Every structure is written in structure tokens, then in C-alpha cells.
Amino acid sequence: MNIEIYDRSVFKAMLQGFWGLTSRELKKWMKEPIILFMAIIQPIMWMVLFGKSMNIGAIFSSSTITNMIIPDIKIPGYLLNPPVDGVVTIPGSVASEIVRNMLSGISSKAVESVFGVSDYFSYLAVGMISMITIFTSTFSGMSIVWDRRLGFLYKVLSTPVPRTAIILSKMFNAAIRSIFQSTIILLLAIFLGIKFSPTFSLMSLVAIYIAIFLFSAGLSSLFLAFALRSTRHETQMAIVNLFTMPLMFTSNAFFPTTLMPEWLQGIARVNPVSYITDALRQLTIYQINYEILLTDFIYLTAFATILSTIGIVLSWKYLTK
Amino acid sequence: MVEYAIVAENLTKMFNGNIVAVDNVSFKVNEGEIFGLLGPNGAGKTTTINMLTTVLKPTKGRASILGYDVVKNASMVRRLIGVVPQEYTADEDLTGFENLILCGDLYGIPRDVSKKLAIELLELMELTKFKDKKVETYSGGMRRRLELACGLINRPRVLFLDEPTLGLDVQTRSAIWNYIKKLKEEYNITILMTTHYMEEADSLCDRIAIIDHGKIVVSGTPEELKNSVGSDVMEIMIREKEDVTEIIENITYVKEVHRRDDGSYIVKLEDGETVAPMIIENLRRNGYHVIKLSISKPTLDEVFLTYTGRALRDSEEGREAILSQRITLKKARR
């Protein structure tokens, strides 16, 4: 028997192994639309139900003060410019009209100054893109646990495919899923009336995808590293549940950090979710501030690089028990 | 100098620092041989295979495949071996052909080459007709054949088969045996297999090591092992009522005679087929007539019983192993 050993460059072999594994995961994912549906339903509920019902701008708006009875207002004439004799009377109906207009102007300005946009729905909708990316990325570790349990991982480990390719394929898979699901969220948000800023363009969309990719790559590496030696998917589930909620609420995904107490702001400042969410808002609903956007991207790149490096190095050491 | 396909020296694996799964296991496998690790579930067979296939690192001892150390030269070893795990690892959502290409990708085999190899292997395993069907439609036997094909995609020189017929029905099992025999003939491949079926080890393996509680209890060819526990067992009945124990005992090769209450005799002896005519002849010369005679050869079951002091049965196992085996069985019985 003639033995053929394929002495191709390590890089080329790795690329092939990587692509083989990635396309396996993607094919599996595409054949189970129910998984996609289950993953995406929660952010959609938040966006549609919470985003639409939490009409913060409306608290001070005309409708809430229609029932307010304002008496006629008497103003001494000398106070006016130019002064007039006697007393000027403004009828209550006119006064309430003026107050109403004034307040609603103030409220929309107040909402805008706090949230950066005048409607909360747009604000939250972008936050939900971060949410779906968090869900998808944190769950990436589960697939390693299952592969180990079903024996597939042992088979893969007995082949010459580089360990790096195994981790990278899972990471890429999470990132690609996140990008796809984010697109669905974004389309739905457009349908439900998200208000893009004038600076939104096709280039922004490319930048959005890059931001999602970086964030997902970093976060999934972290959870893959947790799962490297794990054989119990319950443990992995617990870790995921432990992390997702705090990650969301200590960031600007739901509410601006400026409204938080000092200590919470401190956490939010290092929470990567704040950076991805801000980057996404800059690119969609905000007037882009390039300086802030650059900071966001630098942070996300560092996050992705450091965590994926850690994940890969740990996989060399720990994937083989 | 004899080149061994597999060498294991004092191979030991401890989990969590104290559970000894494999305990100082040493054996050598010649090239072109089918070597069987026989033992109950949980005896350490799979752990041994995982160490030899570079998936687990030995705690102590060393092992090499065709001269390459499994730890220091792991990447070389991985190219030379094929592995067919106990579990069904083929992806159910992909077709048989797609699965083989995926396996090829893992070895970095160029796609044009792996496509040719895949077609050839599907032919060998008689799966050509089903190559574009999703694996979830395959029967247990077909899945096992696909797993075998996957393990062969890199043209390995040493193939590891972990419980190749687990959960299959009797007919499918013997069909798989034929495929394994065919492999050995066609590719002159060295095979290390584990099994807890005695008849499987007996019919396939050139040599066997019996493993229990992580230790190799005894090893040798199936014949040697059977002969080592001794003897064939013969049952004789004569027409006459007299006790003929002494006459039978005096025949060479007869080791032990025991008279039963019903007048029949249990005779332990070596080489029963040759000795039987001598016994009949001797009895007739003394005027006795044999009316019934049967010979039973020792089985590996008896070998196992003799060396481990208990019948081959499943040991206790971890929860993970049980779950994965349950999944395997479920798929096999489809």
C-alpha cells in the first residue's frame, strides 16, 4: 500500500480544517430554523413590547397634561415689553396650550439629551443587537461540551487538524450567526420605525458588521475557554446564565450610563457591552462622533485580540486532557 | 529488528489525581495484526485507545505508533492513524459523502483527492447507493460502515476501532466483521480494536489482551488463551451400570474424571477430538458400550472467568460514559 502524507503548508491545512469545521456548524445551524427562532425571540420581545411601551418621551407630552386645568393668568401691564397700561389677561385655554407646547418641547429635548435620540424605541432596538450577540456568543461554549459528549471532539482531536482551527471555527460560527441575527433585528426595527440619523450609510453597515464580529469573537472565546474541559452542559448553562444578565444591565444596552450611580458607571465603563452598543448607536441612530467611535473600535479590537489569544493558547494546553 | 506498529510501555492514566483508569498497561502489536483489547465496559479500553490516539496524555509510561511517540510526535502519529470511536460521530444533518469530505478536511487532504477517496471508500463499504442521503436516514449498520470509511479517509497504517459493533444486532455484527476482515486483507492495515463480545474477539483478532480494572490480566492468541485455561470437556454415557472411572483415568491426556449420579461422566482432557476415539476403544475392549458422547471446547468466557474470577459483565461507569453509550445504542437500533 502506498502511503500518501499530504505535506502541505501548515497554514493551508489549517485553513482547510477550519473551513470544514465551520461549514459543518453553519450547515447544522441552517438546517434547524427553530434554533434561530428561539435565540431571536427574546430580543424581539424586548424590542417590540418593552421598547414600544416604555414611551419615555410621552411622560411630559401633551396627552398627559390635557386634563390639567390652568386658570386665567393676569399679568400687570408694566411687566410687558413694551409696557402697557392696566392688566393683561391670558385665558386659561391659551395658557395651557402654551405650557403644553413648551413642556413637550422640553421633554423631547430632555430625552434627547439623556438618550441621545428623541425616541426610546430606536435606542433600545440597537441595544437588542448587542443582546442577541451576547446570547449567541456566550452559547458558543455549549457546542464544545456537546462535541465532547457525543464523541465528535475526540475524533477531531485524533486528526492532525490544528487545535487553533477547532477554536477558531467555533468563534467564527458564533460571529457569523450574530451578524445574521443582528440583520434580522435591524430589519425588524426598520419595519417598526427606527429613526436613523442622517449620517447612516452603507459604510456604516459594514462598520456595524465589523463591530459585531469583534465583540462576538472576544466574548465567544471567553466562553469557549470556560468550556474547554467541561463535560457537563449544565455547568456551562449556569455560567452563561450567571453572566448574561449582569453583562446587559451593567451596560448602556437598556439605559444610558449617565443615569447610573457612580459605582455602576465604573463597571459600565469597562463592560465591553457598553462599547459595542455605543459603536452600534453611533453608526445608526446618532450623529457620528468619530472620536468616540474610534475609541469604541480600539476597545473592541483589543477585547477581541486579547480574549481570542487567551482562548487559543488555552486550547493548546487544555483541549487534550 | 522487529518494527512494531504499536508499543505501549507501562501506560498509566489517572483522572483527578486518584482514579486509576489504566494501570501500567504494556503490549506490543506487530504490523498487519488485528489486536483485541477484551474487557467489560469501564475496564479502561477506551482510555487506552484515547492515549494511543493522542487524545489523552498518559499520566505515566509511554506509547508509540510505528516508532513515533504519541506525546512528543503527536502530529505525526495523527497522520498515520485512523480512529473509529465507539460513538457515532458522523453528522446526522449531512450526507454520507459530505461527512467523508469533512473527515478529509480534518486531515488537510486536498478536496479533489478526498472526493476520489470518499467514492472509493463508499464503494468498499457498499454505501454508494446512499451517499447523497442524510445520515439520519441510515441504519445502525450503515452508520457503523460510514464511521469505518471516515476512519480510513487518510489511508491510515494503524486503525483504532473502539467497540465496532456496539449495539448492533447479530446479523449486522457479523457483516461488520466481514468488512473488518476485508480491510485487513485489502489494505494490510494494523488494527487495534476493543470489544466486550467474546465471539467478536475470537473470530477477528490475531492476538488478544484481556483487560480488567485498568490492568492487562493476560494476553496471547485466542487459541493460547483457551488452551491455558485447560482443557476440553467431554461428557460420556455408557450402557452399563458399572463405574468405569478408573479405566478412563488411565488414558493419557485425561486430567480429571467425575461420575455423575445419572451414570454419565464428565471428563476434562486435552485435545478432546483425538482422545475421544481412544476412550471409546478402551471402554469397548473392557466390554463397555459408549452410547453418548459430546465434546465442548473452552471459550473465551471461561478464559475471562478463570483470570478475573468473575463473569464478563459491565463495571460501574461514569455518568458521561453511560449517557454517550445510550445515545450510541439509540442510533444503532434505528
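First the proteins, then the strands, lettered A, B, ... as listed; each starts at 1. The analysis underlying the following values was restricted to heavy atoms, covering all of them including side chains, and did not include hydrogens, waters or symmetry mates. Nothing here was measured: the structure is a model prediction, and the numbers come from that model.
- In A:Lys31, the NZ atom is crowded: over 12 heavy atoms of neighbouring residues, nucleotides or ligands sit closer than 6.0 Å.
- Within the 4.5 Å cutoff, the side chain of B:Met76 has no heavy atoms near those of the A:Pro160 side chain.
- In this structure, the portions of B:Leu94 lying under 4.5 Å from any heavy atom of chain A include both its backbone and its side chain.
- Taken to the nearest 0.5 Å, the CG atom of B:Leu56 stands 6.5 Å off from the OH atom of A:Tyr154.
- Remark: the backbone N or O of A:Phe152 is not paired with any side-chain donor or acceptor of B:Glu87 at under 3.5 angstrom.
- Open room surrounds OH on B:Tyr68; 12 or fewer heavy atoms of other groups in view lie less than 6.0 Å from it.
- The environment of CZ in A:Phe172 is sparse: at most 12 heavy-atom neighbours from other residues, nucleotides or ligands sit within 6.0 Å.
- Looking at A:Leu21, both its backbone and its side chain come within 4.5 Å of chain B, counting heavy atoms on both sides.
- Using a cut-off of 4.0 Å between Lys/Arg side-chain N and Asp/Glu carboxylate O, B:Asp91 and A:Arg24 are scored as salt-bridged.
- Once rounded to the nearest 0.5 Å, the distance linking CD1 of B:Ile153 with OG1 of A:Thr159 reads 12.5 Å.
- For the atom pair A:Gln16 CD and B:Leu106 CG, the distance stands at 9.0 Å (nearest 0.5 Å).
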Using the rule given for salt bridge (charged side-chain N to carboxylate O under 4.0 Å, His left out), can you reason through B:Glu92 versus A:Lys28, listing the C-alpha separation, both sets of side-chain angles and the distance that settles it, and then say yes or no?
CA-CA 9 Å; B:Glu92 306 213 336; A:Lys28 279 175 84 67; over 6 Å; no
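- Most heavy-atom pairs under 4.5 Å with chain A, from the set B:Val84, B:Val77, B:Asn50, B:Thr89: that is B:Thr89.
- Of the atoms belonging to B:Leu102, it is side-chain heavy atoms, and not backbone ones, that fall under 4.5 Å from chain A.
- Heavy atoms from other residues, nucleotides or ligands lying under 6.0 Å from CD1 of A:Ile41 number more than 12.
- By the 4.5 Å heavy-atom criterion applied to side chains, B:Thr54 and A:Leu157 are not counted as neighbours.
- In this structure, A:Ser158 OG and B:Ile49 CD1 are separated by 10.5 Å, a value rounded to the nearest 0.5 Å.
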